[in-house]
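Notes to accompany the following structure.
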Number of protein chains: 2
Amino acid sequence: MGIFSKTCEYALRAVFFVAHKTAGGGRVGIKEIAEGIGSPEHFLAKVLQDLSRRGIVQSVKGPNGGFYTDESVLQRPISDVVEAVDGNGIFTGCALGLKQCSEINPCPLHHEFKTIRNELHRMLNATSIGEFNTDLISGITALKK
Amino acid sequence: MGIFSKTCEYALRAVFFVAHKTAGGGRVGIKEIAEGIGSPEHFLAKVLQDLSRRGIVQSVKGPNGGFYTDESVLQRPISDVVEAVDGNGIFTGCALGLKQCSEINPCPLHHEFKTIRNELHRMLNATSIGEFNTDLISGITALKK
DNA sequence: ATAATAAAAGAGTTTCTTATCTTTATTTAA
DNA sequence: TTAAATAAAGATAAGAAACTCTTTTATTAT
Ligand code: FES
Ligand code: FES
């Protein structure tokens, strides 16, 4: 596995997909999202339900319904998505799995690891959901394959 | 979960434990290692068997047997341990789980993520198994709790 | 040789993650 | 007010990761 869980990878790709598809208004259905990011449809549905409950995407049922992101969502940091799915262990946990990462009872890797972990956290915090829309629309970046 | 799998966390803690216990000669048994790092004994046995096959620890059976690390092991980078257990996905994989992390078909996070991923790789490559022995012996760093 | 010791190997079980399929609730439009 | 569309929810299953228990093999010391 990579740095995030598979579920979290789907979540991030889906959020980016919804964001760039609906930035100009409208909604996008679960089928199109799953197809657009290459994920199992019903599994992704569960993930999006969860993100919807947490306010990271919006949704409406019925004809012309689907998922979308409003302006406030576009400005949220992507660390919100990661934290919603994988929790904050990746931002605060010990590299070696000690119950508590601490300065006073550190593991051997603590000092070096903390730097990198903080850098990752800073990066995900400084990066907003909406800031990739133009590159996605222009096709410079991809969410599939 | 943290950045590494639980199995990998055990592996790293165990390797550090064996290294600092046997740096001056001798062997240490699976029971003492499991107790020393707070891991399930039989599960850890499997992990160490695997590391042993790959030459990351040494072992001998029978009375006065156990696990140990020779001088050459102490100088290996800890990325070898991570790679043996978790594979190299963490060093080379796409943050969003695209099949192939690439410059020509990058995901939105590619540029920022690559930097951090490379920094992690560099750190784990520049850090040797044996370099924590003195801090572990003196009790400055810990492998349990 | 024999008995004791300790890792290696084998064979599960449990739990968590990922995935699939079906049914229900909500919304829209005719 | 009915039918169609679409997300939400429920139930179940497949696979992988984590953990446990038992048997075998290799080594040492007596
Ligand atoms: S104690 Fe291990 S990373 Fe902080
Ligand atoms: S393509 Fe996603 S990190 Fe490189």
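In what follows, every chain begins at residue 1, and chains take the letters A, B, ... in the order their sequences are listed.
Of the residues in residues 27-38 of chain B, none has a non-hydrogen atom less than 4.0 angstrom from any atom of DNA chain D.
No side-chain heavy atom of A:S79 sits under 4.5 Å from any side-chain heavy atom of A:N88. Residues B:E83 and B:R54 have side chains not in contact (no heavy-atom distance under 4.5 Å, counting atoms from C-beta outward).
One atom, CG of B:D50, and another, P of D:dA18, lie 13 Å apart when rounded to the nearest Å. The CZ atom of A:F43 sits 15 Å away from the P atom of C:dC21 (whole-angstrom rounding). Atom NZ in A:K61 sits roughly 7 Å away from atom P in C:dT27 (whole-Å rounding). Regarding A:L44, its CG atom lies at a distance of 11 Å from the P atom of D:dA8, rounded to whole Å. At whole-Å resolution of the value, CZ in A:R53 and C1' in C:dA25 are 14 Å apart. Going from atom OH of A:Y68 over to atom C1' of C:dT27 covers 13 Å, rounded to whole Å. One can place CD of B:Q49 at 16 Å from P of D:dT24, the figure rounded to the nearest angstrom. Atom pair A:N64:CG and C:dT28:C1' shows a separation of 7 Å (rounding to whole Å applied).
Between C:dA8, D:dA11, D:dC19, one nucleotide has an atom nearer to the side chain of A:K46 than all others, and that is D:dA11. Closest to the side chain of B:F67, from the set C:dA25, C:dT18, C:dA7, is C:dA7. With C:dA19, C:dA4, D:dT20 as the candidates, the nucleotide lying closest to the side chain of B:H42 is D:dT20. For A:T7, the listed nucleotide lying nearest its side chain is C:dT18; candidates were C:dT18, D:dT27, C:dA25. Comparing D:dT20, D:dA8, C:dT27 against the side chain of B:P40 picks out D:dT20 as the nearest.
Under the 3.5 Å distance criterion, with hydrogens and angles disregarded, a donor-acceptor pair is assigned to the side chains of B:S5 and B:D86.
The minimum heavy-atom distance between B:V57 and B:V15, with the atom names listed, is CG1-CG2, 4.2 Å. Shown here for B:G36 and B:F17, the closest heavy-atom pair between the two residues is CA-CE1, 3.6 Å.
Applying the ring pair (Phe, Tyr, Trp, His ring centres under 6.0 Å) test to residues at least two apart or on different chains, the pairs with a partner in residues 94-127 of chain A are A:F91-A:H121.
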